[in-house]
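Note on naming: letters A, B, ... go to the chains in the order of the sequence lines (proteins, then strands), and numbering restarts at 1 for each one.
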Amino acid sequence: MEKKDSIKLNKAKPQNFIKNIIEKDLSMNKNDERVHTRFPPEPNGYLHIGHAKSICLNFGLASEYKGLCNLRFDDTNPTKEEVEYIESIKLDIRWLGFNWGDRLFYASDYFDKLYEYANQLIKSKKAYVCSLSTGEIKEYRGTLTQPGRNSPYRSRSVKENLGLFKRMRAGEFKEGEHVLRAKIDMESPNLNMRDPVIYRIIHESHHRTGNKWCIYPMYDFAHCLEDSIERITHSICTLEFEDHRPLYDWFLEQLNLFHPQQIEFARLNLSYTVLSKRKLLELVKYGYVTGWDDPRMPTIAGFRRRGYTPESIHDFSERIGVAKRDSLVDVALLEHCVREDLNKRAMRVMAVLRPLRLIIDNYPEHKVEEIEAVNNPEDISMGTRKIPFSRVLYIEQEDFRENPPKKYFRLFPGQEVRLKHAYYIKCEKVIKDEKTGEVKELHCTYDPESRGGGTADGRKVRGTLHWVSAAHSVKAEVNLYDRLFIKENPVDCDKNSDFKEYINHNSVETLKSCMVEPGLANAVPGSRFQFLRHGYFCVDSSKGKLVFNRTVQLRDTWAKIEKSIKDRKGS
RNA sequence: UGGGGUGUAGCCAAGCGGUAAGGCACCGGUUUUUGGAGCCGGUAUUCGGAGGUUCGAAUCCUCCCACCCCAGCCA
């Protein structure tokens, strides 16, 4: 009994090290028992599934502990940022179902304050204007194994620094002429502490502050202060910032400000794709994909167009957990998450992707019947619909074999199968192209007593095929997607090769002559369906044409059996 | 040969001195008008390795090994 209860509890509340920290803080009354997180993207690209993990984490933690989560654009570098990205990021977060309320902030909102803090550091002799060139700064910094050397400008007077910094701001200098640096320790084993640059001159217009500024704060200086200003309690970021934490803490201590806690977790890696803005940008720029929202892209926009649901992405991010270990999550888990979600929600329809004509010889020529079909066997409340049935149908090419392999229980000469929702049919004759030998059409007979898919004599058939009535079906285009890369971890390559070498050049197959049941003619863009026995598909918005994108295939046991038969033969 | 991290099944991941959760994948079986879904069952004598402490170690100690991150005026 007791064991059962504890299992239930674990299931209901999976733990991770961040929750442990928060719960400990809460129990010690730290931060007045507040939990306040933030999601701080730089608007320099589209969000991907790795960001979704961070979004779910930050907003999820806030809601679980009755706290708040801010959205903050970390726009401290005008050379890389664009308004287009801001809009896409907001859209993606909303689509995921999160709400930042009235807490939308920008780092650039704090430029005045940040400038004040910098002056304060100068006054307390903790910052100085350095006039070394970029190359010289690098040289003075030393290496991983050798300590750095003090800049000759390190001992400038407070007065001189104040004056120079003011003139930097006034635009009196060219880019690179001077920087403001924190005065810490050039011999620190942590490179980040060797007098890091905290302000640099950039003569470029900023998307929000225009030409008001020509000096911009660096991440390390700005981020901790932004967090502090917003009274963030837990500042969650990825592992590569672990080395920056001492600096994060240093600024807050020097300025004696509210001190959020930085916590680092491992970023998401997903098999058979890449998750870095730089690499995704390359795919877009060089035309490997059609854009940031190409359904093959691991971007949130891509998954949306692919037919993924926000719920499935939440579920995924819950299941992968949060830890500090570098990991490569199997994309099969993500696929499982959408299947599970869509299985419960998607309406079943029949669509023949590669049509093969089938004529029922003993069915009256002009007769049309309306067959009732269940919309979703997982959810009877979704009701039923009528589908036309007639003498000439289309079935799937792969549902017929003239010479069936072992265990094949679809249609072949002499074999009886069921047409889903309709009748039993038996294959009587195969018409082939005389020259190519290609199967052109099938002639079958049906059992009028089997309407609805069962017979009075109770005889069983193994196979059930989907079909559409030729005269009533609607033509559609279907995009079948496969993984974008052929290598599980495309980034794992030696120095002289590139991740692009592992691109799967057959990652999309477009079928232009698919036949779908008539009810789909007016399907709304974005709506999702299960194509019976195929997978989940969603309507892509495109002018005039009916286009479906395959979200994910159904599990295919037969494909596995067939493969194992082939493998056995081969060996 | 500097510093910071991380090693639990094929892939994730819990575990915090009391005798290895859970999910995905995989393999059986059952059921089925989707070769889908469901249901039932199986899969780590052992936690990177070697020592040590302890009645008892994945958990504590010591040494070793492997992998990741850091030398932007990017974030």
Side-chain angles (χ1 to χ4, degrees), chain A residues 6-7 10-11 14-16 20 40-42 44 74 76-77 79-80 130 132-134 137-139 141-148 175-181 188-194 196-202 216 218-220 222-223 237-246 264 266 271 277-278 318-337 339-340 343-344 348 350 374 377-378 407-410 418-422 424 452-454 460-466 488 530-535 553-562:
Chain A
S6 77
I7 286 167
N10 285 341
K11 246 187 184 171
Q15 278 302 318
N16 62 52
N20 290 342
E42 182 186 18
N44 67 345
D74 213 354
T76 55
N77 185 352
T79 66
K80 300 172 85 178
C130 182
L132 251 25
S133 69
T134 310
I137 287 182
K138 188 183 160 98
E139 202 185 311
R141 183 155 37 227
T143 66
L144 294 178
T145 49
Q146 292 169 316
E175 288 184 17
E177 251 182 283
H178 306 284
V179 292
L180 185 70
R181 293 228 250 168
S188 170
N190 181 345
L191 290 292
N192 296 117
M193 302 299 273
R194 321 243 258 230
V197 171
I198 59 178
Y199 261 98
R200 76 289 212 195
I201 297 168
I202 301 175
Y216 292 90
M218 296 284 289
Y219 167 87
D220 284 310
H223 205 88
C237 63
T238 44
L239 248 30
E240 66 269 27
F241 291 103
E242 273 179 321
D243 286 345
H244 296 243
R245 191 179 346 118
E264 310 86 8
S271 61
K277 282 187 194 169
R278 203 207 89 225
E318 199 62 45
R319 288 177 191 235
I320 57 178
V322 181
K324 300 191 70 153
R325 196 178 341 173
D326 284 311
S327 61
L328 179 64
V329 175
D330 192 342
V331 70
L333 177 59
L334 216 208
E335 293 175 344
H336 168 82
C337 292
R339 280 198 202 98
E340 190 176 78
N343 176 48
K344 288 175 292 191
R348 271 59 169 171
M350 295 201 281
V374 168
E378 302 290 320
K407 293 184 184 171
Y408 185 85
F409 50 78
R410 275 114 102 144
R418 171 166 42 235
L419 292 176
K420 180 80 179 174
H421 305 306
Y424 282 17
K460 297 281 183 204
V461 289
R462 290 301 296 280
T464 300
L465 313 187
H466 61 276
E488 189 174 31
Q530 184 195 98
F531 285 4
L532 223 58
R533 304 209 298 137
H534 279 300
Q553 278 178 278
L554 252 27
R555 285 185 67 224
D556 190 348
T557 308
W558 166 242
K560 270 183 210 161
I561 295 170
E562 200 177 24

### Summary
Once base and sugar-phosphate atoms are separated, protein heavy atoms under 4.0 Å mark nucleotides 65-75 of chain B, 5' to 3', with B, S and - as ---SBBBSBBB
### Query
Using a cut-off of 4.0 Å between protein heavy atoms and nucleotide atoms, how would you tag nucleotides 25-32 of chain B 5' to 3' with B, S and -?
-S------
From C-beta outward on [X], which listed nucleotide comes closest to its side chain: [options]?
X: A323(A); options: rC24(B), rA14(B), rG35(B); result: rA14(B)
X: N343(A); options: rC12(B), rG36(B), rU1(B); result: rG36(B)
X: T145(A); options: rC24(B), rG2(B), rA14(B); result: rG2(B)

Taking atom [atom1] in both [N] and [M], compute the distance separating them and give it to the nearest angstrom.
N: rU31(B); M: rC39(B); atom1: P; value: 16 Å
N: rC47(B); M: rG7(B); atom1: P; value: 15 Å
N: rC60(B); M: rA14(B); atom1: P; value: 16 Å
N: rU43(B); M: rG23(B); atom1: C1'; value: 15 Å
N: rG5(B); M: rG22(B); atom1: C1'; value: 26 Å
N: rU59(B); M: rG48(B); atom1: P; value: 8 Å
N: rG2(B); M: rC63(B); atom1: P; value: 15 Å
N: rU30(B); M: rU19(B); atom1: P; value: 37 Å

### Point-to-point distance, once rounded to the nearest 0.5 Å, from CG of L191(A) to CG of L144(A)
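Between L191(A) CG and L144(A) CG, I get 5.5 Å after rounding to 0.5 Å.
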### Message
With rounding to the nearest 0.5 angstrom, report the OG to CG distance, S271(A) to L328(A).
### Response
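Between S271(A) OG and L328(A) CG, I get 5.5 Å after rounding to 0.5 Å.
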Give [X] one of three labels, base, sugar-phosphate or nothing, depending on what nucleic acid heavy atoms sit under 4.0 Å from its own.
X: R348(A); result: base
X: V322(A); result: sugar-phosphate
X: K324(A); result: sugar-phosphate
X: H534(A); result: nothing
X: I561(A); result: base
X: I320(A); result: sugar-phosphate
X: Y408(A); result: base

### Task
Assess whether one donor atom and one acceptor atom, taken from the side chain of R245(A) and the base of rG4(B), lie less than 3.5 Å apart.
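Between rG4(B) and R245(A), which were checked side chain against base, a qualifying N/O pair under 3.5 Å is absent.
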### Base rG35(B) to side chain E562(A), donor-acceptor N/O within 3.5 Å cut-off
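No such pair is found, so the answer is no.
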### Task
Assess whether salt bridge (charged side-chain N to carboxylate O under 4.0 Å, His left out) is satisfied between K324(A) and E242(A), documenting all intermediate values.
CA-CA 11 Å; K324(A) 300 191 70 153; E242(A) 273 179 321; 2.7 Å; yes
### Query
If you take all heavy atoms of T76(A) and R200(A), which pair is closest and at what distance?
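Nearest pair, atom of T76(A) first, then R200(A): O-NH1, 3.4 Å.
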### Query
Which heavy atom of M218(A) sits nearest a heavy atom of V197(A), and at what distance?
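So the minimum-distance heavy-atom pair works out to CG-O, 3.3 Å.
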### Task
Name all residues meeting the side chain to side chain contact (heavy atoms under 4.5 Å, CB included) criterion together with E175(A); count only those two or more places apart in sequence or in a different chain, and write none if there are none.
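Applying side chain to side chain contact (heavy atoms under 4.5 Å, CB included) to E175(A) gives I201(A), I202(A), H203(A).
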### Query
Taking any strand in view, what nucleotide pairs with rG28(B) in a Watson-Crick or G-U wobble way, both distances under 3.5 Å?
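When the pairing criteria are applied, rC40(B) turns out to be the nucleotide that pairs with rG28(B).
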#### Entry: Side-chain touch L554(A)/Q530(A), heavy atoms, less than 4.5 angstrom
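In short, these two side chains touch, coming nearer than 4.5 Å.
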### Query
Just how far, in rounded Å, is P of rG36(B) from CG of L532(A)?
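Whole-Å distance recorded here is 12 Å.
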### Task
Could you check T557(A) against L328(A) and say which one's nearest nucleotide on RNA chain B is further toward the 5' end?
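Its nearest nucleotide being more 5', the pick is L328(A).
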### Query
Under the rule syn = chi within 90° of 0, otherwise anti, which is rG72(B)?
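Syn, since the glycosidic angle lies within 90° of 0.
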